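A short worksheet on the structure shown next.
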Amino acid sequence: MIRRLLSFVVLLIISAFSAAQTAPSADHYLDVGGTKLWYEDCGPQNSPAVVLLHDGLLHSITWDGIWPALCAKYHVVRYDRRGYGRSEAPKAVFDPTDDLLKVMSQVHMNHAILVGNSSGGGLALDFALAHPEMTDGLLLIGPVVHGMATSDYFADRGDKNNEPMARGDLKAVAQNWSKDRFLIAGDDPQSRKQLYDGLAENPQNLKGNGALEIRPSPPTVTRLSEIRVPTLVLVGDADIADVFAYSGAIEAAVPLATFEVWKDTGHLIQLQKPKELVTRFDRFVALVERKEVGLTDSQLDAYVGQYKLGNRHASVALKDHRLIAEIPGLPYYWLFPASETKFFLRTEETAIEFQKDAGGKVLEMVVHNSDGSVIHCPRVENGSSH
């Protein structure tokens, strides 16, 4: 009986400790140059850090559907940007990347994976360029890219939805946006109601236009190739064409970018497919957080050369102390060493292995695909990076 009682007490202590480690903190306000920002964080401090950046309509409640699941695994922070939700409106020009920096500092995040939707994705890109040492990875949902022009079609759609604002009917504006076919795909009354309620209860969200925000110079679109962290871009198949243009620019320029189109969803994937988003995020974090070993240029140089891949040749080159695999007609792939002979990608769940003979001569490159298939690529000539 005493033993059972002791065991019960121990379980209570463990449960209380676990709850304390993962329970969300109370919401807080942070002063940024005389303006108060609302924020909250949750989750174990010693786990991967995650920042959630909302879009240009809904404030941080847009993440409600994924918040509990992320809090159970990660140290997560979300906040309402100036003029949205529970935060005060801007009083003067400001740099949104500075606000993000201060929020991260407030919750003791030295670096993090940034998750941004729409204009929040644009902010994530800007921050990655301003503070690369603090950016571990980017998961961008229907992102914008600052410096890229919008189409007339995009502008006309916004003007039409906002038309009732001229007569002060903000509920009608909220109704228009909740019915927008690009934001929410198909027959999804629950997501549309969530969007309407969020806007009707927070009409100040509809007045934000970014007029006081300082944009990067040179513009982000001209510097995308400088972003060197794993970047996953998700776009709903019902989203507007401009978002596909932004996403294509990111995929083309960011070396470690992957672009996925999700079926039966619109611009606000986190509202329509929260469970699927959490699952995909977990896989992304696993690739971002995977540890690599250090190899010298001399060790890496042994693998430089040509390899036969079907009827084509794949080349492996050494650039900036990294191996890069290049296949004609496909994007090039950065290889990260898991050991002296095994490498992995940070853009997809594929592994590369180099086979050697007893004398250390490289014989072939073996590609282990995520679906379990294996491709053997014999080496066809020795190469050198010099």
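Note that this is a predicted model, so its numbers are computed, not measured.
Side-chain contact of Asp41 with His75: a donor-acceptor pair under 3.5 Å is present, judged by distance alone. Side-chain polar atoms of Asp297 and His321 form a donor-acceptor pair below 3.5 angstrom. A donor-acceptor contact closer than 3.5 angstrom is absent between the side chains of Tyr84 and Asp55. Side-chain contact annotation: Asp242 with Ser151, donor-acceptor N/O pair under 3.5 Å present.
Relative ring orientation between Phe343 and Phe354 is described as perpendicular, the plane-to-plane angle rising above 60° on a 0-90° scale split at 30° and 60°.
The number of heavy-atom neighbours closer than 6.0 Å to CG of Asp320, taken from other residues, nucleotides and ligands shown, is 12 or below.
In this structure, CD1 in Ile269 is found 10.5 Å from CD1 in Ile184, a value given to the nearest 0.5 Å. Here the straight-line distance linking atom CD of Glu349 with atom CZ of Phe284 works out to 11.5 Å at 0.5 Å rounding. The CE atom of Met134 sits 7.0 Å away from atom NE2 of His131, with the distance rounded to the nearest 0.5 Å. Atom-to-atom distance recorded for Arg346:CZ and Phe336:CZ is 5.0 Å, nearest 0.5 angstrom.
A search for salt bridge (Lys or Arg N to Asp or Glu O under 4.0 Å) contacts involving Asp237 returns nothing, not counting sequence neighbours.
Between Leu58 and Trp63, every side-chain heavy-atom pair lies at or beyond the 4.5 Å cut-off. In this structure the side chain of Ser119 reaches within 4.5 angstrom of the side chain of Arg81, judged on heavy atoms. You'll find the side chain of Cys377 stays beyond 4.5 Å of the side chain of Lys308, heavy atoms only. The closest side-chain heavy-atom distance from Pro216 to Leu129 is not below 4.5 Å.
Electrostatic pairing of Arg78 and Asp64 counts as a salt bridge here, judged by a charged N lying under 4.0 Å from a carboxylate O. The residues Arg290 and Glu292 are annotated as not salt-bridged, no charged nitrogen and carboxylate oxygen being separated by less than 4.0 angstrom. A salt bridge does not link Asp357 to Lys361: none of the charged nitrogens lies less than 4.0 Å from a carboxylate oxygen. Ion pairing between Asp180 and Arg157 holds under the 4.0 Å rule for side-chain N and carboxylate O.
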